[in-house]
Amino acid sequence: MDCAVEEAQIRRVLEPFGRVQRLQFDLSARTLALVAPQGDWPALTAAIAQAGFAATALSAPPSAADTARAQRTELWRLGAALGVALSAELMHLLGDHTALWQIAGMVVAALAIALSGLAVFRKGVAALLRGQLNINALMSVAVIGAFAIGQWPEAAMVMALYALAELIEAHSVERARNAIAGLLALSPLQAEVRQADGRWALQEASGVPVGATVRVKPGERLALDGRVTAGQSAVDQSPVTGESIPVDKAAGDEVFAGTINQGGGLEFEVTHAATDTVLARIIHAVEAAQGQRAPMQRFVDRFAAIYTPAVFVIALAVAVLPPLLLGWAWLDAVYKALVLLVIACPCALVISTPVTIVSGLSAAARRGILIKGGVYLEQARLLRVVALDKTGTLTEGRPQLVAHELLAGTGPEALQVARSLAGRSDHPVSRAVAAGLDAAELRVDDFGAEMGRGVRGRVAGRAYVLCNHRWLHERGQCTPALEALMQQHEQQGRTLSVLASEGEALALFAVADAVKPSSRAAVAELQALGVRTVMLTGDNAATAQAIAAQVGITEVRAQLLPEDKQRAIAELGEKGDSVAMVGDGVNDSPSLAAAAVGFSMGAAGTDIAKEAADVLVMNDDLRRVPETIRLSRRTHAVLWQNIALALGIKAVFLVLTVMGSATMWMAVFADMGASLLVVFNGLRLLRGVK
């Protein structure tokens, strides 16, 4: 197995097995990692063998040294085959035409074919027996036919060149596949760990337990994820988040494996094992995304399934009809038909899509954009509306308490109750209230959160709520005087929480959240791309409008519950527009799932496996959203360029063949050249799009 065409063959024979959970191909190592129930293994390996591939079970993936050794052996074998094929050509050109010399030349040619083409013949025969006409079947028929009509030197050279082209192509494709996996090498194999007696010692990173304390010196890479316990430094996080500017770290901040400590020494507590770091999970997620079939890839596969048999029929017609109708010589017609078979091999066409999609996914991941599949990379170019959450997406998501006011003649005990309720919540506004109040915390019973409204609980036997403007109205506790006071704060872009008992409102708390520096630029970039921007927020209208005005958004929908945001996504798409949602929290999960493409912000600091999102932005830079759209549009353009190149080159040589100007050598170079052109064109995407 050494090219994307053969990968597709194996996928097809394994599709009937419904219990196969995951397929992960490594073309350079010629391995397939397959997750399926143990009892299915005999049937799976038998199906692979029937497709013409010898399947050997491995207890572990081959080492890099073993893979390199196997590749060197393969290169030597093909080099020898090319040398023997060249000898056959020289024997044909320089030798006499006696029967003995001809037989000797045929033996040499057959040796070259055996050295380079036995695997091709095995796969080709298996395909023909199953009634399939794939690239190996076409090459097998072409080489056998050329040998049979006396063109044995060309048959030998064609097979040797074809095998060499396959090897070059496999290495080129692997460059795209390894673009992200190479990031694992950024994590050191060892870490300096504090021992039980207080001394420091180097340990294998894979054996460092969660909770251990690790020390990293200036200039060193971090081997594991953790939380800083001592020291201050700037850390280059570009391998993980794509941020070009180092980030200052101090006690309490999170750090990630593969990043570079640039300033002072740091000590950190390990929070994830080596196999579960953010960097490792990025790579696993990209590998899973590469295994999915993008829409264009599925289209090309279906097209190739029709194209290959059609070419076979045309070649058959070229071999039979001209001698019968136009008086061509039979050997000339058969030779042209065989040249046509070689030219028409669909390898370049089939490989044009996966290498481009993989390069696009890899380029995005290098920029801190984790796309969960080729389908979303293609879908992003169609986006016409982007809906954005406010808190944590357009704003920093770290609001601060800027004002508070006691109401209804209440005393300082109201601040203690508010501090106690807010301290039990993980909502950013509640956390800001808790952090901003210097009051003793009391015991809270029957605590609960109301999604999109606030929190409730009982303190000293009395029921209280810490609620937003909407819930206060629903409770009927928003008096005209309080409404006027709240509007004054909201017009300044502040978010309000009100402490209320069962009878009345007791205290007002105003929280402000700063807009991210990247938000205004991101919104401007989206609008320049022709994408309409809409803010969807659970906050009040006045606050939402104030933030929207700062970032350049004119369309705002405020005071939305999670289910309201989900309905808004559906409404925005009613006119046929493709809608994206950008959010950062659990509240946004329904709308992220409902959107054509869901973007989750700040995934590096939280659980990377946010199931609802299709694209994870590893840092909080909103500019990654328009960058994804630009990358999607460029990927789509390169896909069509590759398809046009593959078919265009074949069309030119098809005309040359019919005119009698193309040989089998030219056919192989045309096929190999088209394949390498589309591969290298697709690899250009690795440079990314800014």
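Note that these values count all heavy atoms, side chains included, but never hydrogens, waters or copies made by symmetry. For reference, positions follow the sequence shown, starting with 1.
Judged by distance alone, the side chain of S518 and the main-chain N or O of D621 form no donor-acceptor pair under 3.5 Å. In this structure a side-chain-to-backbone donor-acceptor pair under 3.5 Å is missing from T277 to L224. Between the side chain of D253 and the main chain of A250, a donor-acceptor pair closer than 3.5 Å is present.
Residues that satisfy the side chain to side chain donor-acceptor pair (under 3.5 Å) test with Q232, not counting sequence neighbours, are absent from this structure. With sequence neighbours excluded, no residue forms a side chain to side chain donor-acceptor pair (under 3.5 Å) with Q400. For A422, the side-chain contact (heavy atoms from CB on, under 4.5 Å) partners are S430, V433, A434, L466, not counting sequence neighbours. In this structure R633 satisfies the side-chain contact (heavy atoms from CB on, under 4.5 Å) test together with R381, R384, L529, V531, I629, sequence neighbours excluded. Every residue two or more places apart in sequence or in another chain that forms a side chain to side chain donor-acceptor pair (under 3.5 Å) with T395 is listed here: D513.
Remark: the E378 side chain and the T635 side chain contain no N/O donor-acceptor pair separated by less than 3.5 Å.
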Side chain to side chain contact (heavy atoms under 4.5 Å, CB included) assessment of N681 paired with Q641: CA-CA 8 Å; N681 192 40; Q641 288 170 16; 3.2 Å; yes
Stepwise side chain to side chain contact (heavy atoms under 4.5 Å, CB included) check, I553 with I547: CA-CA 9 Å; I553 295 176; I547 297 296; over 6 Å; no
Apply the test side chain to side chain contact (heavy atoms under 4.5 Å, CB included) to residues T628 and V625: give CA-CA distance (whole Å), side-chain angles for both, the deciding distance (0.1 Å), then the verdict. CA-CA 5 Å; T628 302; V625 176; 5.6 Å; no
Apply side chain to side chain contact (heavy atoms under 4.5 Å, CB included) to residues F509 and L437 and explain how you reach the verdict. CA-CA 10 Å; F509 303 92; L437 290 177; 3.8 Å; yes
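In this structure, the separation between CG on D236 and CZ on R221 is 7.5 Å, given to the nearest 0.5 Å. Rounded to the nearest 0.5 angstrom, I371 CD1 and D614 CG are separated by 10.0 Å. The distance from atom CG of L394 to atom CG of D620, rounded to the nearest 0.5 Å, is 11.5 Å. Remark: L361 CG to T356 OG1 distance equals 11.0 Å, nearest 0.5 Å. In this structure, CD1 in I10 is found 6.5 Å from CG in L32, a value given to the nearest 0.5 Å. The distance from atom CG of N261 to atom CZ of F268, rounded to the nearest 0.5 Å, is 9.5 Å.
Residue pairs meeting the salt bridge (charged side-chain N to carboxylate O under 4.0 Å, His left out) criterion with at least one member in residues 427-440: none, sequence neighbours excluded.
When all heavy atoms of T495 and K390 are compared, the pair lying nearest together is OG1-NZ, 4.1 Å. Scanning all heavy atoms of the two residues, the minimum distance from A510 to L401 falls at O-CD1, 3.4 Å. Closest approach of A223 to A205, counting heavy atoms only: CB-CB, 4.0 Å. Residues G264 and P218 share a closest heavy-atom pair of C-CG, 3.8 Å. Looking at every heavy atom in both residues, A596 comes nearest to S578 through CB-OG, 3.4 Å. In plain terms, the two heavy atoms of G360 and L631 that are nearest each other are O-CD2, 3.5 Å.
For the pair E254/D225, no side-chain contact is recorded, criterion being any heavy-atom separation below 4.5 Å from C-beta on. Counting only heavy atoms from C-beta outward, the side chains of Q237 and V278 never approach each other to under 4.5 Å. The shortest distance between side-chain heavy atoms of L536 and M581 falls below 4.5 Å. Residues V235 and L266 form a side-chain contact, since some pair of their non-hydrogen atoms from C-beta on lies under 4.5 Å apart. W200 places a side-chain heavy atom less than 4.5 Å from the side chain of T213. Under the 4.5 Å side-chain criterion, counting only non-hydrogen atoms from C-beta, Q190 is not in contact with Q203. Annotation: side chain of L686 is in contact with side chain of S362 (closest heavy-atom distance under 4.5 Å). With a 4.5 Å cut-off on side-chain heavy atoms, K516 and L622 do not count as touching.
Here the rule is salt bridge (Lys or Arg N to Asp or Glu O under 4.0 Å) with R215, and of E269, E220, E192 only E192 fits it. Put simply, the residue from R623, R630, R520, R624 that forms a salt bridge (Lys or Arg N to Asp or Glu O under 4.0 Å) with E525 is R630.
Taking the charged nitrogens against the carboxylate oxygens, R419 and E441 do have a contact shorter than 4.0 Å, which makes a salt bridge.
Other residues, nucleotides and ligands contribute only 12 or fewer heavy atoms inside 6.0 Å of the CZ atom of R227. More than 12 heavy atoms of other residues, nucleotides or ligands lie within 6.0 Å of CG in L202, so this atom counts as buried by the packing criterion.
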